Amino acid sequence: MACKMEANDNHKLALKIVYYGPALSGKTTNLLQLHAQLATERKGELMVMNTRDDRTLFFDMLPVGIRTSNGLDLRLKLYTVPGQVQHDSTRKTLLSRADGIVFVADSQLGQQENNAISFDNLASNLSKVGLDIDRMPLIVQFNKRDLSDIVCEQTLKARWSATPWWPLMLSSALKGHGVTETLEELLKRLYPAVDREHGLDARYGLSQAAFLQRLTARKER
């Protein structure tokens, strides 16, 4: 695991989660909705850096976190990467020391080739920074399910059900649907490795159920 632990009276653990995918697939919208929906105990401001045409140039970052009664300061740092081809070096840099990945695919029929190119780019860049896509906690989210001209669920099942990343998450980030659920599913895959390395349950009394509940609690409507 790449997560960082600082040893002092208050043990600090930072987990890096990267939202990856083609341009305009909804990565930034996922973070905007998480910032709006989450009622976590500690949540920083969402930092957004845009180009002139409103596409993400460098990254968006949303920090959320919790503090346990016995001294663990745990923070999630959620990043997006720019999807445009010319920003590949930035994508690779942001993948360095990642603990988990959300791949945000575009459900529109005309974007399936771009999804495939972006996923191949993810695998390649992970390898370049010393990480293995087959061992990385990773969730695939098909976004924009609110649109009409989209790939059907049966086709998605045929393409993805034999992969390690099935089942997929289906979402409409613009409408706020499936966003928190996607993060929760990734954290389910991430927890076992972090617990083995840092003893979240044994040392800090932070079970998987508490880990998920406290980091993905929603605001009351």
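If you're wondering where the values come from, they're calculated on a predicted model, not measured in any experiment.
- Side-chain contact between Leu72 and Leu200 is present, with at least one heavy-atom pair separated by less than 4.5 Å.
- Legend: residues meeting side chain to side chain contact (heavy atoms under 4.5 Å, CB included) with Asp132, ordered by chain and number and at least two apart, are Asp134, Arg135.
- Glu181 is linked by a side-chain hydrogen bond (donor to acceptor under 3.5 Å, both in side chains) to Arg218, counting only residues two or more places apart in sequence or in another chain.
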Next item on the list: Let me see the working for Asp99 and Lys16 under salt bridge (charged side-chain N to carboxylate O under 4.0 Å, His left out), right down to the final yes or no.
Entry: CA-CA 5 Å; Asp99 297 295; Lys16 182 179 184 181; over 6 Å; no

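- Without hydrogens or angle criteria, Gln108 side chain to Lys144 main chain gives no donor-acceptor distance under 3.5 Å.
- Of all the heavy atoms in Met61 and Leu46, the pair that sits closest is O-CD1, 3.4 Å.
- By the side chain to side chain contact (heavy atoms under 4.5 Å, CB included) test, Asn115 is found to be paired with Pro22, Ala105, Asp106, Gln112, Phe142, residues two or more places apart in sequence or in another chain being considered.
- At most 12 heavy atoms of other shown residues, nucleotides or ligands fall within 6.0 angstrom of atom NZ in Lys77.
- Aromatic pair Tyr19/Tyr79: centroids not less than 6.0 angstrom apart.
- Ser171 and Asn143 form a side-chain donor-acceptor contact under 3.5 Å, judged by distance and modelled atom types alone.
- With sequence neighbours left out, the side-chain hydrogen bond (donor to acceptor under 3.5 Å, both in side chains) criterion links Ser172 to Asp146.
- Checked against salt bridge (Lys or Arg N to Asp or Glu O under 4.0 Å), Arg189 has no partners two or more places apart in sequence or in another chain.
- Here the side chain of Thr182 pairs a donor or acceptor atom with the backbone of Gly178 at under 3.5 angstrom.
- The ring-ring contact (aromatic ring centres under 6.0 Å, His included) contacts involving residues 168-193 comprise Tyr191-Phe211, where partners must be two or more places apart or lie in separate chains.
- In this structure, Arg145 and Glu153 approach most closely via the heavy-atom pair NH2-CG, 3.7 Å.
- When the side-chain hydrogen bond (donor to acceptor under 3.5 Å, both in side chains) test is applied to Ser118, no partner is found at least two apart in sequence or on another chain.
- The two atoms that bring Leu138 and Ile133 nearest to each other are CD1-CG1, 3.9 Å, heavy atoms only.
- Checked against side chain to side chain contact (heavy atoms under 4.5 Å, CB included), Ile66 has the following partners two or more places apart in sequence or in another chain: Glu41, Leu74, Leu206, Arg214, Leu215.
- Under a hydrophobic clustering in which Ile, Leu, Val, Met, Phe, Trp and Tyr are joined whenever their side-chain heavy atoms come within less than 4.5 Å, directly or via other members, Leu147 and Val151 fall into different clusters.
- Applying the under-4.5 Å side-chain rule to Ile, Leu, Val, Met, Phe, Trp and Tyr, the cluster around Leu174 consists of that residue alone.
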All N/O donor-acceptor pairs, side-chain side in residues 154-165, below 3.5 Å, sequence neighbours left out:
from, atom 1, to, atom 2, distance (Å)
Ser161, OG, Lys157, O, 2.8
Thr163, OG1, Trp160, O, 2.8
Thr163, OG1, Trp165, N, 3.2

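- Counting only heavy atoms from C-beta outward, the side chains of Arg75 and Leu13 never approach each other to under 4.5 Å.
- Contacts of Glu185 classified as side chain to side chain contact (heavy atoms under 4.5 Å, CB included), with partners at least two apart in sequence or in another chain: Ile139, Met169, Lys188.
- With contacts defined as side-chain heavy-atom distances shorter than 4.5 Å, the pair Pro137/Leu186 qualifies.
- Using a cut-off of 4.0 Å between Lys/Arg side-chain N and Asp/Glu carboxylate O, Asp73 and Lys12 are scored as not salt-bridged.
- When the side-chain hydrogen bond (donor to acceptor under 3.5 Å, both in side chains) test is applied to Ser25, no partner is found at least two apart in sequence or on another chain.
- Contact detail for Leu131 and Met136: the closest heavy-atom pair is CD1-CE, 3.6 Å.
- At least one side-chain heavy atom of Glu45 sits under 4.5 Å from a side-chain heavy atom of His35.
- Side-chain contact between Gln141 and Asn30 is present, with at least one heavy-atom pair separated by less than 4.5 Å.
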